[in-house]
Amino acid sequence: MTANASQIPRAYNAASVEPRVYQQWQDQGYFTPDVDPDKQPFCIIMPPPNVTGELHLGHALTASIEDALCRWRRMMGDAALWLPGKDHAGIATQWVVERLLAEEGLSRHDLGREKFLERVWEWVAQYGNTIDEQHKRLGASCDWSRLRFTLDPGPALAVRTTFVNLYNKGLIYRHERIINWCPRCATALSDLEVEYEETDGKLYHIKYPLADGSGGSITVATTRPESMLGDTGVAVHPDDSRYQDLVGRQVILPIMERPIPVVADAALDMEFGTGALKVTPGHDLLDFEIGERQGLEIINIIGFDGNLTAAAGKYAGVERFQARREVAAELESLGALEKVEDYNHSVGHCQRCDAVVEPLISLQWFLNVGKHDDPASIAGRAHAAVANGDIKMVPDRFSRVYLNWLENIRDWCISRQLWWGHRIPVWYCAACPDPIASIDDLTGCPNCGAEDLRQDPDVLDTWFSSGLWPHSTLGWPDDSDDLGYFYPTTVMETGYDILFFWIARMIMMGIENTGDIPFRTVYLHGLVRDAQGAKMSKTRGNTLDPLDLIELYGTDALRFALTTGTAPGNDLRITEGKLEAARNFANKVWNAARYVMTGLEGQTALEGWSDLPALEHREDRWIVSRLDRVTVEVGEALESFELGEAQQKLYEFVWNDFCDWYIEMAKIRLRSGVGPSPLPVLAHVLERTLRLLHPFMPFITEEIWQNLMARLPSEGDRPASIMIAPYPQAQPPRADRQAEEEVNLVMQAIRAVRNTRAQLRIPADRPLPAQVQADGFQQAIEEEAQVIQALSRVEPLQVLSGDSPASDAMNGVTLVVNPLVVRLPLEGVIDLSAERQRLEGELDNARKNLARVENLVSNPNFRAKAKPEVVQNEEERFRSLTDQTRRLEEIISQLGG
RNA sequence: GGGCGGUUAGCUCAGCUGGUUAGAGCGCCUGCUUUACACGCAGGAGGCCGGAGGUUCGAGUCCUCCACUGCCCACCA
């Protein structure tokens, strides 16, 4: 383990490190929390990916965020449970297996239900855990011992229990009504599973003659002329003066030659089309409702297979879009087609297969969720939970979207005509009139004892079981320890695209079943898009495989790239540049660590590295003060779910403060051996930084941490892994304003000299003599002289007191780093007038700033109304600018001319 | 039709409750094989924070309107 520093590879090798480290974590049982009353529970239920799923960047984003939160809370001492799962994904999985069968020339009907389900289970056994293994590559610290599948006995019992309870309450019911039907998937869909797309279509104006033979007619407009075969009425608005005299009369439906009534219904939009609507209650939602109100007949002319039915007369058996063309043609030949206009409207498509959805009448199961303003209803309680703040959403704007959805919610069609899924636990007895809902499988009728029972053939919408997920995974309906301890869960984290599908359902079902909310906070992340901002999709071919990216950049870099520089709820683009930046950062951390560990080689005087009891040196006090400031900022960012902000802060601290400045300063002390050794501080800052970074970059931090700890004397309890080490907390006494101010001055002076060199093209290695007037900071500058000399290559450096510049310094450049004045005698390199011009430019700038601040500070309104610390800041700035202006004026006057 | 975002440096984006001279990464320009790192170091250029009003001592940040753009919802016959 304690390899020589020389044996530490020059670059971090993700591929060899990561699987090994992950295995160690898992073997140690770190992912599996105990139910521990002395700890605070923290629980995230992972959104269960589909068993058919391959890890994509959306999963990777989900996992990166959830893992970071879990690792952070675990290090904070919570009993952190991240519970993984998988979803049986009814339609998606059935499709995959049916496609495989099709390759054998078989359909599921050839196999029969039982054999088919066996095949699906075989498929799941063989391929269903791909995504789990992929999650492990991401470093997911989830508790695999608690892994749940939606069809496992536990969740299945939860589904049946819920169904039976709701059935017994009368909230789940079976009804014949108009639903969304996908002819390709041959199943009913919920409203949510229909996606509307703007489509260029036609608006057909069809003339229906009056039945009285008067020669009069009424013209209706439709985008689906074939549906007229099922018309059972024509509706007009009751206030529409054009049609007053037609209401109550009959018209003749062309082609079908069927008399149908003209009715008045207020749902009509008088402005639209001709103001008259053909009513097809069998195939249109609005028409269905009008039909119900007006007592119109329902005729089904489109069948479940998408072909026209016998009720369509001579069009029976014709495919629906073919029928559209043929009906339009026939209407035209009959002279009933008044006109056809181009028309853009939105058409519903099946979310799964993209076929055009057909509204039709069918016998289905529904869940009555009630109204949002009924506090006793499912929707009402789900509404209240968010409205009253029991459940908080991040970002908050999604609360309104959610509430608005619930305010318009309708009953949920929960039955699907599939085989793969939770079969509806209802049996029909040949001898009894009422269906029987039962948690246990029935073999005989509980009412009459008859054995002629038939179970409902349908399965439940996949989202029905998903809706129970937070409590069903924890053991409900049993009163399990996990349920008591981890429920309500802490955070639900997922993409905003499933706010209605999943989040809303979990809130509804969670409260219904347990009486308590399923989670306290909902964190919604955005969609991962490609570099051009396009949605990633397989058909577009613009998907990036996270595993490829891991191979190229490393897991930590991928995770960092996905979660830095983004805000909750905002879509993000993943680009090569971001991935490279993240990888470079990982490399930076690795090399900083390599440097520190090289320094530790063979050292013995490292006592106190873990808590640095007495810091003498200004630079040490500075970096520790900065470290603690960052520690506070990172903690606060995490508390408010601002992961990107936390990582940004850490990035800047590591790269700028620690690497660019502290390590460079420490090198000088290490070389000279003068003053206290910076090694304990280097070790301390590195070790804490690793812990701060660990939730975001778990692998590289663990690998370095193990290496580092092996080189450091044991002080206090030493955990076996960084992932169970405590998350760093700031120690207020270490905040050191003075050290920060002094080191800042030193850095500014160094920058000023470097800048001058670059401007004047003076080679970096050519030593320049310099004088510093260190008004009030003599001691600090004298003590930091070595650093200033080394980092800006000034040699020799003369520190002057007060305002007594050596006269020979006047032929050169004077840098005002208020309150310091740095003089670089550069005879011949720069002429007096150019220098004078430069200084006057600076003075100009300073005066402008001074005027602005003076204005502010002298404004009584500002003094009265601004926060005291703001006033104080501005006053300080005023003094400093006054000072700077005075210095510049003096210097310019000394230049003469 | 209703609602919600976005519009900040050439590109991709941060900027939380209004308070220094608005930041980062990438890209660009100038120098550097400085023994942790060229996946690097040092220096630099580049922004009327979409437009117009308003509130305020003070606005990228709050309010109103407008423009462009993306998304969500809706029974657009």
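In what follows, chains carry the letters A, B, and so on, assigned in the order in which the sequence lines appear, proteins first and then strands, with residues in each chain numbered from 1.
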Would you call A/E633 and A/R629 a salt bridge, using N to O less than 4.0 angstrom? no
Could you tell me the separation between the CD atom of A/E580 and the C1' atom of B/G27, rounded to a whole number of Å? 12 Å
Have a look at A/R863 and say if it touches a base, only the backbone sugar-phosphate, or nothing, with a 4.0 Å heavy-atom cut-off. nothing
Counting only Watson-Crick pairs (N1-N3 plus N6-O4 or O6-N4) and G-U wobbles (N1-O2, O6-N3), all under 3.5 Å, who is the partner of B/C68? B/G6
Nearest-Å distance, CD1 (A/I663) to P (B/U34)? 18 Å
Can you say whether the rings of A/Y523 and A/F641 are parallel (under 30°), tilted (30 to 60°) or perpendicular (over 60°)? tilted
Parallel under 30°, tilted from 30 to 60°, perpendicular over 60°: which one fits the rings of A/Y496 and A/F398? parallel
Do the side-chain N or O atoms of A/N584 get closer than 4.0 angstrom to the phosphate oxygens (OP1, OP2) of B/G40? yes
Describe, in one word, how the ring planes of A/F658 and A/F653 are oriented to each other, choosing from parallel (under 30°), tilted (30 to 60°) and perpendicular (over 60°). parallel
Would you mind classifying the nucleic acid contact of A/I290 as base, sugar-phosphate or nothing, using non-hydrogen atoms under 4.0 angstrom? nothing
For B/G27, the Watson-Crick or wobble partner whose two distances fall under 3.5 Å: none
Measure the shortest side-chain to side-chain distance between A/L600 and A/V596 over non-hydrogen atoms and say whether it is less than 4.5 angstrom. yes
Under 4.0 Å, heavy atoms only, any strand: does A/F500 hit a base, just the sugar-phosphate, or nothing? sugar-phosphate
Between B/C63 and B/U56, how far is it from one P atom to the other, in whole Å? 16 Å
Distance in angstrom units between A/M270 CE and B/A77 P, rounded: 18 Å
If the cut-off is 4.0 Å, is A/N755 near the phosphate of B/G44, judged by side-chain N/O to OP1 or OP2? yes
Using heavy atoms to find the nearest nucleotide of RNA chain B for A/D269 and A/W405 separately, return the residue whose nucleotide is more 5′. A/W405
Contact class for A/A866 vs. all strands (heavy atom < 4.0 Å): base, sugar-phosphate, or nothing? base
Protein-nucleotide distance (A/F585, atom CZ; B/A36, atom P), rounded to Å: 20 Å
Heavy atoms only, 4.0 Å cut-off, all strands: where does A/D497 land among base, sugar-phosphate and nothing? nothing
Considering only atom C1', compute the distance from B/U61 to B/C72 and round it to an integer number of Å. 26 Å
Without decimals, in angstroms, what is the distance between A/E664 CD and B/G40 P? 14 Å
Rounded distance in Å - NZ (A/K867) to P (B/G18): 7 Å
Base, sugar-phosphate or nothing for A/R573? Non-hydrogen atoms, less than 4.0 Å. sugar-phosphate
Measuring only the P atom in each nucleotide, how far is B/G27 from B/G40? A whole number of Å is fine. 9 Å
Would you find more than 12 non-hydrogen atoms of other residues, nucleotides or ligands less than 6.0 Å from A/E271 atom CD? no
Considering only atom P, compute the distance from B/G60 to B/U7 and round it to an integer number of Å. 15 Å
Watson-Crick or G-U counterpart of B/U56, or none if no pair lies under 3.5 Å: none
Counting only Watson-Crick or G-U wobble pairs whose two distances fall under 3.5 Å, which nucleotide matches B/U20? none
Below 4.0 Å: OP1/OP2 of B/A36 and any side-chain N or O of A/R10: no
B/C49 pairs with, by Watson-Crick or G-U criteria that keep both distances under 3.5 Å: none
Sugar-phosphate only, base, or nothing, as touched by A/R224 at under 4.0 Å among non-hydrogen atoms: nothing
Answer with base, sugar-phosphate or nothing: what part of the nucleic acid does A/F288 contact at a heavy-atom distance below 4.0 Å? nothing
With a 4.0 Å cut-off on heavy atoms, is A/A586 in touch with a base, just the backbone sugar-phosphate, or nothing at all? nothing
Please state how far atom CG in A/L638 lies from atom C1' in B/C16, giving the value in whole angstrom units. 14 Å
Touch class at under 4.0 angstrom, heavy-atom based, for A/V401 against every strand present: nothing
Using the C1' atom as the reference point in each nucleotide, state the distance between B/G70 and B/U30 in Å, no decimals. 41 Å
Base, sugar-phosphate, or nothing for A/Q647, non-hydrogen atoms under 4.0 angstrom? nothing
Need one value for A/T223: base, sugar-phosphate or nothing, where a base atom within 4.0 Å counts as base even if backbone is also close, heavy atoms only. sugar-phosphate
Is there a donor-acceptor contact under 3.5 Å linking the side chains of A/H383 and A/E407? yes
How is A/T222 classified with respect to the nucleic acid when contacts are heavy atoms under 4.0 Å: base, sugar-phosphate, or nothing? sugar-phosphate
Inter-nucleotide C1' distance (B/G6, B/U12), Å rounded: 14 Å
Take atom C1' in B/G46 and the same atom in B/A24, then report the distance between them in whole Å. 15 Å
B/C32 pairs with, by Watson-Crick or G-U criteria that keep both distances under 3.5 Å: B/G40
Using a heavy-atom cut-off of under 4.0 Å over every strand shown, decide if A/N859 touches base, sugar-phosphate, or nothing. sugar-phosphate
What heavy-atom pair brings A/Q294 and A/D265 nearest, and what distance separates the two atoms? NE2-OD2, 2.8 Å
Could you say whether A/L572 or A/K865 is positioned toward the 5' end of RNA chain B, judged by the nucleotide with the nearest heavy atom to each? A/L572
Separation of A/E407 atom CD from B/G3 atom C1', in whole Å? 12 Å
What's the gap between B/A59 and B/G15 when it is taken at their C1' atoms, as a whole Å value? 14 Å
